[in-house]
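Right, one structure below, let's go through it.
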Amino acid sequence: MSRNVVITGAAGGIGMALIAAFVDAGDQVIAVDRSQGDAAPQVTWLTRDIASLTGNEIAPALIDDIIQMCSGRCDVLINNAAIQHIGNFTALPMTAWTETLAVNLLAPVALIRALLPLMPAPSGVVINVSSIHAHLTKPGFTAYATSKAALSGLTRALAVELGHRARFVAIEPAAIETPMLRAGFSGDPQGFAQLESMHPAKRLGLPEEVARLAVLLAAPGMEFVNGTAIGIDGGIAARLHDPA
């Protein structure tokens, strides 16, 4: 049976790969992002900003639209939308912190609260796309790392509280070769090659690999996978960078 799958951050590199993978699996996709990407007829686009705040609520009108598009049923929710403000902790403005937490943590909270009643129990699945920064980070990424650590923690806590109702799983990618990442190394091929070499796999991850993992985690027969974070990092999380 075709499932309804909601994917946020759908127009980015990982988002488009997620759309393609779930469409290939026979699912109907509701894709949410600021802009619309090209996708199959099985995809319904909602071009809205998930970071919008109204009072203390995260985009209530957006949530209402998603609920309407689900037509009473949401089988899988993938919280993939994210924002990354980089800067020294003492200099990063509070507006950057507010936006980071709104997109990376509070929007997933709001969407889970809204869509959980539409999920068939106990087969509903929430996949939070976290990051290796949830537990391994570097200078300048304090806001991003904090938000992703909270997202992975939310995943575990929800499984403890609501694991009988639905499944909650996080994916923690390391560097994934998206157009945005490539653009960040424009004019710096040496830096890109160094980033690749840091991973024991000697390459970066592909968006399609993240998407295939998400489809596997959301599949029937994976019911005991709950409350955990799955790394997809080319082995870098196992590597010490001390001098040899």
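Sequence positions, counted from 1, serve as the residue numbers for this chain. Quick caveat, the model's predicted, so the values are computed rather than measured.
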Output the distance between atom [atom1] ([X]) and atom [atom2] ([Y]), rounded to the nearest 0.5 Å.
X    : Y    : atom1 : atom2 : result
I176 : D233 : CD1   : CG    : 9.0 Å
L162 : M119 : CG    : CE    : 11.0 Å
R34  : T47  : CZ    : OG1   : 12.5 Å
L111 : I78  : CG    : CD1   : 12.5 Å
L195 : I236 : CG    : CD1   : 7.0 Å
S152 : L105 : OG    : CG    : 10.5 Å

Are [X] and [Y] connected, step by step, through hydrophobic side chains (Ile, Leu, Val, Met, Phe, Trp, Tyr) whose heavy atoms are closer than 4.5 Å?
X    : Y    : result
I232 : I7   : yes
I67  : V109 : yes
V160 : L154 : no
L62  : M69  : yes

Got a donor-acceptor contact below 3.5 angstrom from the [X] side chain to the [Y] backbone?
X    : Y    : answer
D33  : A11  : yes
T8   : A81  : yes
W45  : G37  : yes
N4   : C70  : yes
T178 : L181 : yes
R165 : L116 : yes
R239 : M198 : yes
S186 : A183 : no

Minimum heavy-atom separation for [X] to [Y], with atom names?
X    : Y    : value
R48  : A61  : NH2-CB, 3.3 Å
P117 : A114 : CD-O, 3.4 Å
H164 : E161 : CE1-O, 3.5 Å
S130 : A170 : CB-CB, 4.4 Å
A134 : A149 : O-CB, 3.4 Å
A143 : L92  : CB-CD2, 3.6 Å

F22 and R3: side chain to side chain contact (heavy atoms under 4.5 Å, CB included), yes or no, with the steps?
CA-CA 9 Å; F22 278 93; R3 300 175 300 177; 3.9 Å; yes
Strictly below 4.0 Å, N to O, side chains only: are E196 and K202 in salt-bridge contact?
no
One pair to check against side chain to side chain contact (heavy atoms under 4.5 Å, CB included): R182 and F192. What are the steps and the verdict?
CA-CA 8 Å; R182 272 285 188 181; F192 186 84; 3.4 Å; yes
Quiz: residues 208-223 side-chain donor-acceptor pairs under 3.5 angstrom, not counting sequence neighbours:
{"residue": "E209", "atom": "OE1", "partner": "R203", "partner atom": "NH1", "Å": "3.2"}
{"residue": "E209", "atom": "OE1", "partner": "L206", "partner atom": "N", "Å": "2.8"}
{"residue": "E209", "atom": "OE2", "partner": "R203", "partner atom": "NH2", "Å": "2.7"}
{"residue": "E223", "atom": "OE1", "partner": "G221", "partner atom": "N", "Å": "3.1"}
{"residue": "E223", "atom": "OE2", "partner": "G221", "partner atom": "N", "Å": "3.0"}

Tell me, please, whether F168 has R156 positioned over its six-membered ring: NZ or CZ under 6.0 Å from the ring centre and within 45 degrees of its axis?
no
Side chain to side chain contact (heavy atoms under 4.5 Å, CB included) for D27 and V76? Distances and angles first, verdict last.
CA-CA 10 Å; D27 296 316; V76 182; over 6 Å; no
Any heavy-atom pair between the side chains of L77 and V125 that's under 4.5 Å?
no
Flag the pair K148 / T146 as yes when at least one side-chain heavy-atom distance between them is below 4.5 Å, and no otherwise.
no
Are more than 12 heavy atoms from other residues, nucleotides or ligands located less than 6.0 Å from atom CZ of F185?
yes
Please determine whether the number of non-hydrogen atoms from other residues, nucleotides or ligands lying under 6.0 Å from atom CD of Q36 exceeds 12.
yes
The side-chain contact (heavy atoms from CB on, under 4.5 Å) partner of L151 among N104, V129, N128 is N128
Side chain to side chain contact (heavy atoms under 4.5 Å, CB included) for Q28 and V5? Distances and angles first, verdict last.
CA-CA 6 Å; Q28 299 288 325; V5 180; over 6 Å; no
Selection residues 119-156 - residue pairs positive for ring pair (Phe, Tyr, Trp, His ring centres under 6.0 Å), sequence neighbours left out
H133-F141, H133-Y144
Is there a side-chain hydrogen bond (donor to acceptor under 3.5 Å, both in side chains) between T90 and N88? Walk through the geometry before answering.
CA-CA 6 Å; T90 57; N88 183 279; 2.4 Å; yes
